Number of protein chains: 2
Amino acid sequence: MTTDLSDDLFLVHPDGTADGPAAATLSFTRSPTVLLTFAGNRFTRAAARHYQSEFGIGAMDWRMLVMLTREPDSSVSHAARTIGIDKAAVSRSLRRLETLGLAAARDGDERRRHWTLTEAGRRMHGRILDSALERQRRLLDGFTPEEVDALTTYLRRILDNIETLGATDP
Amino acid sequence: MTTDLSDDLFLVHPDGTADGPAAATLSFTRSPTVLLTFAGNRFTRAAARHYQSEFGIGAMDWRMLVMLTREPDSSVSHAARTIGIDKAAVSRSLRRLETLGLAAARDGDERRRHWTLTEAGRRMHGRILDSALERQRRLLDGFTPEEVDALTTYLRRILDNIETLGATDP
DNA sequence: GGCTCCCTGTTGTCATGTCAACATATGATC
DNA sequence: GATCATATGTTGACATGACAACAGGGAGCC
């Protein structure tokens with residue numbers, strides 16, 4: 001079911017001036033894909049830098065702290081499926097957390113190990129959570145609750161569309 | 001000016017069940033920062049993969065094709081400032097495009113070179129633009145024009161907030 | 001001309017997350 | 001037990017984009 005959105009919503013066109021575009025191309029300010037990409041990337045990078053300098057771990061490791069708080073005893077592949085992130089990244093992050101004494105693995109079967117946070121990991125999680133919530137508050141500065149709800153809904157719909165896109169990609 | 005959003009909007013809490021969270025933590029489905037990060041990352045990666053396999057260049061290089069269409073004769077730092085991406089990445093991308101015969105530089109002064117697309121670069125831009133617009137249409141599948149407008153506005157406000165956040169970060 | 005400050009673009013390094021490859025374990029079936 | 005299909009987690013290589021460091025150019029001032 002395709003919407004009737006015109007591509008022109010998202011483009012800039014040559015305007016005859018010497019300073020204008022040489023040909024029709026994507027607008028950096030009106031194209032949602034451009035904006036989404038920039039916003040996601042910038043927020044992630046800024047947060048990662050902050051976590052690294054303040055807490056000594058990066059964004060990926062913070063995600064695993066959250067995941068293991070959500071579901072203690074997770075395996076690598078369960079975490080990867082749940083978060084929707086590649087198992088290679090999960091595996092590496094858990095190794096790092098283990099090295100830092102923030103997570104530990106209890107053997108399930110020969111391969112499938114069950115990861116949980118250590119006491120130090122739980123304390124770290126709590127401290128970073130405060131920081132993450134503060135960052136989120138500032139990211140949402142100026143938004144009403146209704147707007148936040150709409151934004152959250154839109155992003156979830158976009159994630160659904162991305163999954164559909166991926167499933168039909170060549 | 002802080003909004004009155006409760007953190008509880010974005011958290012999951014221990015619910016007393018054996019399967020529930022061990023402590024309060026971020027919700028993967030209701031936290032806008034989590035959703036934004038995931039959506040941005042997944043879309044970018046999927047698009048990059050597609051461009052690479054179909055056209056032989058990645059997402060960063062596609063961005064430079066757009067930038068040089070928008071503003072022919074750009075310098076590295078002008079492009080970096082305009083797009084808001086680090087000059088190291090811009091410099092490397094332009095070098096790659098030059099190697100592929102898609103862009104060329106005309107000397108400005110001794111340091112500041114002015115980059116433009118070659119004829120091959122312009123043709124490549126046109127072909128990828130069709131693909132990019134198609135991907136965007138599918139990303140926005142199910143959205144009304146009003147919703148797209150709202151989403152675009154929200155993302156722009158978020159980018160503004162990210163800039164404010166960066167400026168006040170420790 | 002000399003000095004200082006600011007700017008330019010390149011190169012190095014790293015975190016993030018992907019796809020690919022792989023060794024090997026597990027489960028189902030016979 | 002043997003065989004096969006599938007799953008598990010690790011490791012390699014790479015694109016993206018950041019920050020850091022740096023050599024050196026250009027402009028302004030004395």
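These numbers were taken from a predicted model, which means no experiment stands behind them. Within every chain, numbering begins at 1; the chains are lettered A, B, ... in the order of the sequence lines, protein sequences first and strands thereafter.
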Could you state the atom-to-atom distance from CZ of B:R45 to C1' of C:dC19 in whole Å? 11 Å
Measure from the side-chain N and O atoms of B:S91 to the backbone N and O of B:K87, and report whether any donor-acceptor pair falls under 3.5 Å. no
Looking for any heavy atom pair under 4.0 Å, which part of the strands does A:R42 touch: base, sugar-phosphate only, or nothing? nothing
A:L97 CG to C:dA15 P, in whole Å, measures 14 Å
Rounding to a whole Å, what distance do you find between A:H50:NE2 and D:dA18:P? 19 Å
Donor-acceptor pair, side chain of B:R106 and main chain of B:D73, under 3.5 angstrom: no
Calculate, to the nearest 0.5 Å, the distance between atoms CZ and CD belonging to B:R138 and B:E134 respectively. 5.5 Å
Looking only at non-hydrogen atoms, find the nearest pair between B:T116 and B:L68 and report the distance. C-CD1, 4.1 Å
Can you give one letter per nucleotide of nucleotides 4-12 of chain D, going 5' to 3': B for a protein heavy atom under 4.0 Å from the base, S for sugar-phosphate only, - for none? ---BSBBBB
Taken to the nearest 0.5 Å, the spacing of B:F28 CZ from B:L26 CG works out to 7.5 Å
Separation of C:dT16 P from A:M64 CE (nearest whole Å): 13 Å
Protein-nucleotide distance (A:W62, atom CH2; C:dA15, atom P), rounded to Å: 19 Å
Pair A:S31, B:Q136: side-chain N/O donor-acceptor within cut-off below 3.5 Å: yes
Round to the nearest Å and state the distance from B:R63 atom CZ to D:dT16 atom C1'. 8 Å
At 10 degrees resolution, what angle do the end axes of the helix from C:dG1-D:dC30 to C:dC30-D:dG1 form when each is taken over five base pairs? 0°
Can you tell me the distance, in whole Å, between the CZ atom of A:F43 and the C1' atom of D:dG17? 17 Å
Knowing that exactly one of A:R95, A:R92, A:R96 qualifies, which makes a salt bridge (charged side-chain N to carboxylate O under 4.0 Å, His left out) with A:D61? A:R96
Using 0.5 Å steps for rounding, measure from the CG atom of B:L102 to the CD1 atom of B:I57. 6.5 Å
d(CD, A:Q52; C1', D:dC19) in whole Å: 12 Å
Could you check whether A:G40 gets within reach of a base, just the sugar-phosphate, or nothing at all, counting any heavy atom under 4.0 Å? nothing
Find out if a path of hydrophobic residues (ILVMFWY) with successive side-chain heavy-atom gaps under 4.5 Å connects B:V34 to A:I85. yes
